[in-house]
Number of protein chains: 2
Amino acid sequence: MRISTELLKGVLEGVVLHQIDAGINYGYEITKTLRELGFDDLAEGTVYTILVRLEKNELVNVEKHKSEKGPMKKFYQLNDAGKTRLTLFWTHWDFLINKMAELRKED
Amino acid sequence: MRISTELLKGVLEGVVLHQIDAGINYGYEITKTLRELGFDDLAEGTVYTILVRLEKNELVNVEKHKSEKGPMKKFYQLNDAGKTRLTLFWTHWDFLINKMAELRKED
DNA sequence: TTTGGCTACATCGTATTACTATGTAGTAGT
DNA sequence: ACTACTACATAGTAATACGATGTAGCCAAA
């Protein structure tokens, strides 16, 4: 499904944080798993932009490892700040979907 | 609650469409009701920006009416395109929250 | 041996959007 | 006059997802 890209703003960062925390640690695979999950049109470039941002904001630790196939991989792991951010993201998300449900329920 | 503003992108347009459809037809009241509902920090300017956009994109019909207090009100109503957009918005929203739930569920 | 396909990362430019700040105006009560 | 409330308007800014494009390594088939 082709979700309006504006609706994804803010969401994708949380999603990427979640994937990293779940053990999906490098860009290419994050893109792949998310696409399989239903974010069909997710651009590869988008994920890398987010990863660069996470690194710049010091939410992740990064290591380079050799890949079995292809070039070096960059492995990401959440640091404490990253974990806090992830929890905060879900808090905000829950708040939002609750409010949206309330809104919709009224009359 | 102070939600990250990025998380609201795309959402707010849908929310405003919904309010208009629900009979809350002018900017000032839309802002007010949404604030009461929990979008505390929603800026008045934001709502007007959205309304201007909706008008420009021909999703609403507009009429001016005298106000009991204060200056003229601009009354908004969804036209067919607006209603279609609103349905589409909820479709996207439902899709998104389902995917997010799936994502979260995995391990 | 060269072509294509897959893995994997990187970045510039663009459009969209929510917010901040600020301004204009009308009405009513003190 | 002053304040408070209603009501709309907009210029400027920061953040972000995406499209396009490029680099690079590996492997298999032609």
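Every chain is numbered from 1 and lettered A, B, ... according to where its sequence line falls, protein lines coming before strand lines. Heavy atoms only: backbone and side chains are in, while hydrogens, waters and symmetry mates are out.
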Please state whether the phosphate of [N], meaning OP1 or OP2, lies under 4.0 angstrom from any side-chain nitrogen or oxygen of [X].
X	N	result
B:T46	C:dC19	yes
A:R53	D:dA15	no
B:Y26	D:dA7	yes
B:K74	D:dC8	no

Which residue, B:T49 or B:K32, contacts DNA chain D at a nucleotide closer to its 5' end, judged by nearest heavy atom?
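This one resolves to B:K32.
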[X] [atom1] - [N] [atom2] separation (whole Å):
X	N	atom1	atom2	value
A:L7	D:dA17	CG	P	12 Å
B:F89	C:dT17	CZ	P	13 Å
B:K73	D:dA9	NZ	C1'	18 Å
A:L42	C:dC9	CG	P	14 Å
A:D41	D:dA20	CG	C1'	16 Å
A:H65	C:dC9	NE2	P	12 Å
B:L54	C:dT16	CG	C1'	14 Å
B:E44	D:dC8	CD	P	8 Å

Given D:dG19, D:dA17, C:dC19, the nucleotide with the shortest approach to the side chain of B:L8
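Looking only at heavy atoms from C-beta outward on B:L8, the closest nucleotide is C:dC19.
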Of all the choices, C:dA8, D:dC18, D:dC8, which nucleotide is nearest to the side chain of A:Y28 once you look at every atom?
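When the side chain of A:Y28 is considered, C:dA8 is the closest of C:dA8, D:dC18, D:dC8.
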May I ask you to say what [X] touches in the nucleic acid, namely base, sugar-phosphate or nothing, with a heavy-atom cut-off under 4.0 Å?
X	result
B:L51	nothing
B:G45	base
A:E29	nothing
A:A43	sugar-phosphate

Position toward the 5' end of DNA chain C (nearest nucleotide), A:E6 or A:Y48
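Upstream on the strand: A:Y48.
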Can you work out whether B:I3 or B:M72 has the more 5'-proximal nearest nucleotide on DNA chain C?
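Nearer the 5' end of the strand: B:I3.
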Test side-chain contact (heavy atoms from CB on, under 4.5 Å) applied to A:L54 and A:V52, A:N57, A:I50, the passing residue
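Only match with A:L54 under side-chain contact (heavy atoms from CB on, under 4.5 Å): A:I50.
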Is it the case that the base of C:dT16 and the side chain of A:K9 share a donor-acceptor contact (distance under 3.5 Å, atom types as modelled)?
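Such a pair is found, so the answer is yes.
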Under-4.0 Å salt bridge between [X] and [Y]:
X	Y	result
B:D21	B:R85	no
A:E6	A:K9	yes
B:E102	B:K99	yes
A:K73	A:E63	no

B:E58 atom CD, over 12 foreign heavy atoms within 6.0 Å:
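Not more than 12 within 6.0 Å, no.
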